[in-house]
Undergrad: 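This is the structure I want to talk about, given as structure tokens.
Since the model is a prediction, treat every value here as computed from it, not as a measurement.
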Amino acid sequence: MEVGAANFQWRLPRLRGRLRRAAFLALDMEFTGLHSTFPQNNEPSLFDSPAERYLKARQSVQRFTVTQLGLAIFSNENSNKYVVHVYNFFLFPSTLGVTDVEFTLSASSIQFLSHYGFDYNKFLKDGIPYMNEVQEKILSQHLLAGSWKVSSVLDRDVLKKAIDEVTCWIAAAEEEETMILQDLSGYQMFEVQLVLRQALQNVWTQPLGDKKVMVKKVSPQHRQLLENSPSDCCQKEFILLSARGFTNLFQTLVKAKKPLVGHNMLMDLMHLHDKFYQPLPESYEEFKRNIHNLFPVLIDTKTVTKSIWKQCPFPRVSSLLEVYAVLCSSLNPKDPTCPVIDLASDCSRYAEKKSPHEAGYDAFLCGSVLLRSAHLLLCRSTDDAVEADPSFSHYLTVLAVYLNKVNVIRGGVSSINFSGEDVPCQHPPLLVVHVRGWPGLNERQIYQEFKALCRFDVRWLSKNQFILLSNKFNHVRRVLRDYKHHPHLRVSVYRHWRHSPRVNCLLQVSGIVALWSLLAFVLGGAPCCSF
């Protein structure tokens, strides 16, 4: 089901009720870009510590925005049956306030989403507004002080037209006479009313719905009575409620404390924090604490399925859709204990048609992959004799080892542990490349040299030495073999005591100190000459 700004507000109460009753929630997001190329060397690397990876990703999150958020609400209706309500929320940053939000578009990401049928008109024209706590506080302060302004050029043109119409009309109008302003959308409904009330002391405004606002000429005394009415839609609380938009649902999601499921969900979590909660902190540890407080139970299906691939003889696949297909084919359809997943009637198109990289469809796949993976693990833990109708709590028990461990792509850790310490990866040994007779080589050139053979991440070590790191042992063996007799590049296994610049420096300093000590001893022990 698609949800935009036009129908979000009236769907919100039912959405909140379904969130509270859910067994768990699955989420996926689409962005205007993924990995920023600014500054240079911002790409993910096997050398990255968790904190380094976080800072790289933070720069990307600050530059890009969310175009679509998919939410699949899995309700455990009875026994092992799950009914799924799936939503596609089109999102667009709030433009009501004093700060105009800027974001970057990645050409490759835009092309990718366009290829899979993403509707950019809905993103731009019907995106649900949102804001984080800092932006809300700024807007609240300006509304209270009456110092807010319209940041959208389009809205300014609409407001000018409306003010001209009202100014011409009110000169000849009688008290209690009304007129209607039409074709107002989104924040324009609020902005028109706020501007008119501020500029003209003898008018009152009231929204009529369907993009219309009624303007009435009133006496100053009547105006004062109307301003104190608790039902006035232009009171600060009502304006903030509208400006928060999707953030209202995010806050319900946080309060519900339901298990949150995603696939490779690190960037999703960072955008959730940045766009709907608070700007991402500089501290990696603070980010971890904040996310764990917001979502105490996280399950990354990438982390889960990576482990299952090692335990079960399944074909290795990479995309979420392929993982879903493999797991569907691996479970016995006649097994009465296998979870039954039914799409709600208003989401049935996903049962008939695949829609990869549509946020709602991918969220549905995430939740389905989780249930099927958990059932496989439960079968293995009980020697295939699963008790009748396993509950979701049974699944959480077998998933305990994976909870709050979010997958990291090509990094110094395989996953970020949001409820504990991160465990370093067991990578193959480092290689060191010593360059001879090939001056001026840099990291990028070294990377290109080995790229044709296999993939390594490269870091500069010293004037003519570079370190190579891979996540595959066969790549290390291949390079050691094929570059054994290379005329310019000598490749060997990195030994800290031998190759570390710090160790070499320490050895040199120690050697110099030892030499001077020996020299001082020799000179100090020589017989003195007497005259």
Side-chain angles (χ1 to χ4, degrees), residues 33-61 63 106 108-109 264-267 270 284 300 302-303 306 309-310 316 318 405-417 422-436 438-484 486 488-504:
L34 195 57
H35 296 296
S36 174
T37 57
F38 179 84
Q40 289 184 339
N41 302 320
N42 198 44
E43 298 91 351
S45 167
L46 292 170
F47 290 103
D48 291 343
S49 68
E52 288 171 333
R53 174 60 58 84
Y54 167 72
L55 290 176
K56 286 182 177 181
R58 179 175 179 264
Q59 291 173 330
S60 297
V61 170
R63 291 175 65 83
S106 162
S108 60
S109 294
N264 267 333
M265 64 190 302
L266 177 59
M267 296 300 286
M270 293 183 71
Y284 166 67
D300 190 333
K302 183 67 174 181
T303 301
K306 273 168 63 176
W309 287 173
K310 295 175 183 177
R316 290 297 181 96
S318 55
K405 293 182 174 65
V406 172
N407 186 62
V408 174
I409 302 172
R410 290 186 70 81
V413 295
S414 61
S415 63
I416 290 175
N417 184 0
D422 301 321
V423 179
C425 282
Q426 296 299 316
H427 286 309
L430 292 165
L431 298 181
V432 61
V433 179
H434 184 83
V435 183
R436 295 178 296 183
W438 198 348
L441 274 186
N442 57 34
E443 290 179 356
R444 177 58 58 180
Q445 290 168 315
I446 289 289
Y447 174 81
Q448 292 296 332
E449 167 69 23
F450 291 97
K451 183 181 177 182
L453 187 64
C454 47
R455 185 176 176 186
F456 282 87
D457 288 342
V458 183
R459 275 197 176 175
W460 180 82
L461 180 63
S462 62
K463 181 179 179 181
N464 59 349
Q465 289 183 320
F466 298 86
I467 291 178
L468 306 182
L469 180 58
S470 174
N471 58 0
K472 297 185 183 297
F473 282 88
N474 62 329
H475 287 183
V476 170
R477 289 191 293 268
R478 189 183 306 167
V479 166
L480 287 172
R481 181 194 65 211
D482 291 4
Y483 277 77
K484 195 171 184 178
H486 194 279
H488 301 294
L489 304 177
R490 189 179 70 205
V491 183
S492 59
V493 175
Y494 177 86
R495 307 293 183 196
H496 184 73
W497 59 268
R498 181 181 176 187
H499 297 111
S500 170
R502 290 183 180 179
V503 173
N504 286 335

Undergrad: My understanding is that only residues two or more places apart in sequence, or in another chain, count here; which of them pass side chain to side chain donor-acceptor pair (under 3.5 Å) with N417?
TA: S419
Undergrad: List the residues meeting side chain to side chain donor-acceptor pair (under 3.5 Å) with K306, not counting sequence neighbours, and say none if there are none.
TA: N407
Undergrad: Side chain to side chain contact (heavy atoms under 4.5 Å, CB included) with L480: which residues, sequence neighbours excluded?
TA: L431, V476, V491, V493
Undergrad: I'd like to check the side chain to side chain donor-acceptor pair (under 3.5 Å) partners of K56; sequence neighbours left out, ordered by chain and number.
TA: D48
Undergrad: So, taking the atom named CG in D422 and the one named OG in S49, what distance separates them when rounded to the nearest 0.5 Å?
TA: 9.5 Å
Undergrad: Please report the interatomic distance CZ(R58) to OH(Y284), rounded to the nearest 0.5 Å.
TA: 14.5 Å
Undergrad: Working to the nearest 0.5 angstrom, can you tell me the gap between L430 CG and F456 CZ?
TA: 10.0 Å
Undergrad: Say whether, by atom type as modelled, one donor and one acceptor occur between the side chain of T303 and the main chain of K405 under 3.5 angstrom.
TA: yes
Undergrad: Taking only residues two or more places apart in sequence, or in another chain, which ones meet R477 in a side chain to side chain contact (heavy atoms under 4.5 Å, CB included)?
TA: F473, N474
Undergrad: Rounded to the nearest 0.5 Å, how far apart are CG of L469 and NE2 of H475?
TA: 12.5 Å
Undergrad: Restricting to ring-ring contact (aromatic ring centres under 6.0 Å, His included), what partner residues turn up for H488, sequence neighbours left out?
TA: W438
Undergrad: Applying ring-ring contact (aromatic ring centres under 6.0 Å, His included), name anything that partners F450, two or more places apart in sequence or on another chain.
TA: Y483
Undergrad: Distance from I446 atom CD1 to E449 atom CD, nearest 0.5 Å?
TA: 7.0 Å
Undergrad: Does F47 have any ring-ring contact (aromatic ring centres under 6.0 Å, His included) partners at least two apart in sequence or in another chain, and if so, which?
TA: none
Undergrad: As a quick check of understanding, evaluate side chain to side chain contact (heavy atoms under 4.5 Å, CB included) for L34 and S106, giving each step before the final call.
TA: CA-CA 8 Å; L34 195 57; S106 162; over 6 Å; no
Undergrad: For R436, what residues pass the side chain to side chain contact (heavy atoms under 4.5 Å, CB included) criterion, not counting sequence neighbours?
TA: H434, R490
Undergrad: Got a sec, which residues hit side chain to side chain contact (heavy atoms under 4.5 Å, CB included) with Q426, two or more places apart in sequence or on another chain?
TA: none
Undergrad: Does a side-chain heavy-atom distance below 4.5 Å link L489 with L441?
TA: yes
Undergrad: Cut-off 3.5 Å, no hydrogens considered: what does the side-chain donor-acceptor table look like for residues 408-416, sequence neighbours left out?
TA:
unit_1, atom_1, unit_2, atom_2, d
R410, NH2, D457, OD1, 3.1
R410, NH2, D457, OD2, 3.2

Undergrad: Do V458 and L468 make a side-chain contact, defined as non-hydrogen atoms from C-beta onward lying under 4.5 Å apart?
TA: yes
Undergrad: In Å, rounded to the nearest 0.5 Å, how long is the span from CE of M265 to CG of D300?
TA: 6.0 Å
